[in-house]
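Per chain, numbering begins at 1; letters A, B, ... match sequence-line order.
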There are 2 protein chains.
Amino acid sequence: MTSRPPRPRERGIPEATVARLPVYLRTLQALQDRGTLTVSSEDLASAAGVNSAKLRKDLSHLGSYGTRGVGYEVRYLVYQISRELGLTQDWAVAIVGIGNLGRALANYGGFGTRGFRIAALLDADPAMVGRRVASLDVGHIDTLETVVRDKGVSIGVITTPAASAQAVATRFVGAGVSSILNFAPVVLNVPDGVDVRKVDLSIELQILAFHAQRRNGDEGHGAEPAGLELT
Amino acid sequence: MTSRPPRPRERGIPEATVARLPVYLRTLQALQDRGTLTVSSEDLASAAGVNSAKLRKDLSHLGSYGTRGVGYEVRYLVYQISRELGLTQDWAVAIVGIGNLGRALANYGGFGTRGFRIAALLDADPAMVGRRVASLDVGHIDTLETVVRDKGVSIGVITTPAASAQAVATRFVGAGVSSILNFAPVVLNVPDGVDVRKVDLSIELQILAFHAQRRNGDEGHGAEPAGLELT
DNA sequence: TAGATTGTTAATCGATTAACAATC
DNA sequence: TAGATTGTTAATCGATTAACAATC
C-alpha cells in the first residue's frame, strides 16, 4: 500500500480534486482561446479562484505535467485533464421532463465545450410528446428503456416534478444508466454503484440566506415569535 | 475560547452542516405533510439519505431539540431549522438574464416552500425588456441599482451568458447585494464578504463522467491518441 | 549559475462515524 | 424498571495549506 510505482500513479483521485478539475479545465480553455501557451500554478490558481498550493496538489494527483521553473503547458494540461475526466469520449445524455428547465438544458449548447451529447428528450405529457425541442423530437417516457439501449445513453438528467423523479430514476437504473443528474427537489433512492448528483436551486438559496442572516447580525434570533413556540 | 455557555450555543455551525440543513428541512416538511408528528434520528436520516450519527451531530449544533427515548417533534424541528436558515424572514430575489434558464427559474414556484420572493427580472436585450414573465415585467439591466434599492433585493441570481456575468456581479455588489447565486459558467471575482454560490450543469456532468469512466474500467486510458501527445 | 516554479512533505484543520453514557 | 433514543465523546479519515527541496 505504501510502495510507489514510477509513473501510472495509483488510482483514486480525491473527490474534492475531481470536483475542481472541471473548473481548471474551463479556465485553461479560456487561456487557450486567448492564445496563452504556458501558465504558472500561481496564475492558473488565481484565475480559477483557488490557492496555488491546492492547485499544484490537485494536479499532482494526475501526474507530473508541469515544468519546474516554467509552469504548465496549457494545451497539454487541457488534454490531460480532459482525458482524466473522461471527456475524450462522447457521453450520450437523456433528459426526462421537458418543462421550462428541461427545455433550458436541452437548448444549452456548450456542455463544457464537448464530451456530452443530448441524445433524447422524454416527457410523460402527451401534449409535449412529438414536439420538437432543440432539434430533437420529444419522446414518451414509456420508451425510456428502448431509447437508452438504442442511443447508448449513459447519463440520465431528471427535470421532472419531485413526485415523478424517483420513478424515473428507478427506470433509468433498470435500463442500465448508472449516472444520474437530478434537478428535482427530492432525495433519490438508488442501489450501490449508481452515481447520483443533485442540483438544487432552493438548497443553494437557503444556504445563501443562512450566511446573509449571519452577516446581518442575526437580528430576531433567539426571541421566538408568538404562536410558534411549540405544541 | 473553551468556556461553554449553557444554552445560546456558540455561533459557528460547520459549513457541511449548513449545506445539509435544507435537506433535513425538506424531508421534515414531507413528513409533516403526511401527518407524522415525531421522528427518530434513524428514520429521518434514512429519509434524508445520510447516516444517523451525522444527522444527530448536525442537529446538535442547533441545540437540544430532541427527546431521548422518543425522537424529534417534526413541527418543532421544522421551525428551528427554518429559523436557523433565516427562512422566517422574506428574501427578495432579483434574476438577471431572462433566457431559457432565467424564465425556468422565474416560473419555478416552490422556492423551498417559502422564504424567497422573486422581486425583479432584468435583461439587457431590448426585445425582452417589457415582456411579462411569471407575473412580472422584465426590466432593463440599467435599472439594477434602482430595483435593488426599491425592492429591497438581497439575493442576486445570475443567469446571463458567461461573458456578462462578471459585470452583473460587480453591479450587484456595488448596489449592496452580498449574496449571489451564479448559473453562468465562469468564476466570479467579488470582494471579501460577498457570498457567491455557483450552480454549474457542465461541472456536474463532468464529475459524473469521471466516475462513469472509472466504473467502466477506464478503457482507453494510458494510450495517448495520435496527434495529441503534446507540442 | 541565478531565478523561477513545480511537486511533495508535514502540520493543521474540519468532517465523519462508531460507540456509549445520559436520560426520557 | 426496561427499552428506546438522544447528545457527545473520541477516533479516524480526508482536505487544506505553508513551506521548501528538487529541478528546470
Measuring centre to centre across the rings, with the benzene-like ring taken for any Trp, is A:Tyr65 within less than 6.0 Å of A:Tyr72?
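When the ring centroids of A:Tyr65 and A:Tyr72 are compared, they turn out to be at least 6.0 Å apart.
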Between the side-chain atoms of A:Arg68 and the base atoms of C:dT6, is any donor-acceptor pair under 3.5 Å?
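Result: at least one qualifying N/O pair found.
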Step by step, would you call B:Ser179 with A:Arg215 a side-chain hydrogen bond (donor to acceptor under 3.5 Å, both in side chains)?
CA-CA 10 Å; B:Ser179 302; A:Arg215 271 196 307 270; 2.8 Å; yes
Rounded interatomic separation in angstrom, taking [atom1] from [X] and [atom2] from [N]:
| X | N | atom1 | atom2 | answer |
| --- | --- | --- | --- | --- |
| A:Glu15 | C:dA15 | CD | P | 17 Å |
| B:Leu55 | D:dT5 | CG | P | 14 Å |
| A:Leu59 | C:dG7 | CG | P | 8 Å |
| B:Leu62 | D:dG7 | CG | C1' | 13 Å |
| A:Asp58 | C:dT6 | CG | C1' | 14 Å |
| A:Arg56 | C:dA4 | CZ | P | 15 Å |
| B:Gln80 | D:dG7 | CD | P | 12 Å |
| B:Tyr24 | D:dT6 | OH | P | 13 Å |

Between A:Asn51 and B:Ala53, name the one whose nearest nucleotide on DNA chain D is closer to the 5' end.
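The answer here is B:Ala53.
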Nearest nucleotide by nearest heavy atom, which residue falls closer to the 5' end of DNA chain D, A:Gly69 or A:Lys57?
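The residue closer to the strand's 5' end, by nearest nucleotide, is A:Lys57.
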Contact between [X] and [Y] at the side-chain level, heavy atoms closer than 4.5 Å - yes or no?
| X | Y | result |
| --- | --- | --- |
| B:Arg117 | B:Val93 | no |
| B:Thr38 | B:Thr67 | no |
| B:Ile207 | B:His211 | yes |

Need the pair for D:dA21. Rule: Watson-Crick or G-U wobble, both distances under 3.5 Å, any strand; none if unpaired.
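Because both required distances fall under 3.5 Å, D:dA21 counts as paired with C:dT6.
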Which nucleotide wins on minimum distance to the side chain of A:Thr67, given the candidates C:dT17, D:dC24, C:dT6?
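Closest of the options to the side chain of A:Thr67: D:dC24.
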What's the closest nucleotide to the side chain of B:Pro14 if the choices are C:dA15, D:dT8, D:dT6?
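Of the options given, the side chain of B:Pro14 lies nearest C:dA15.
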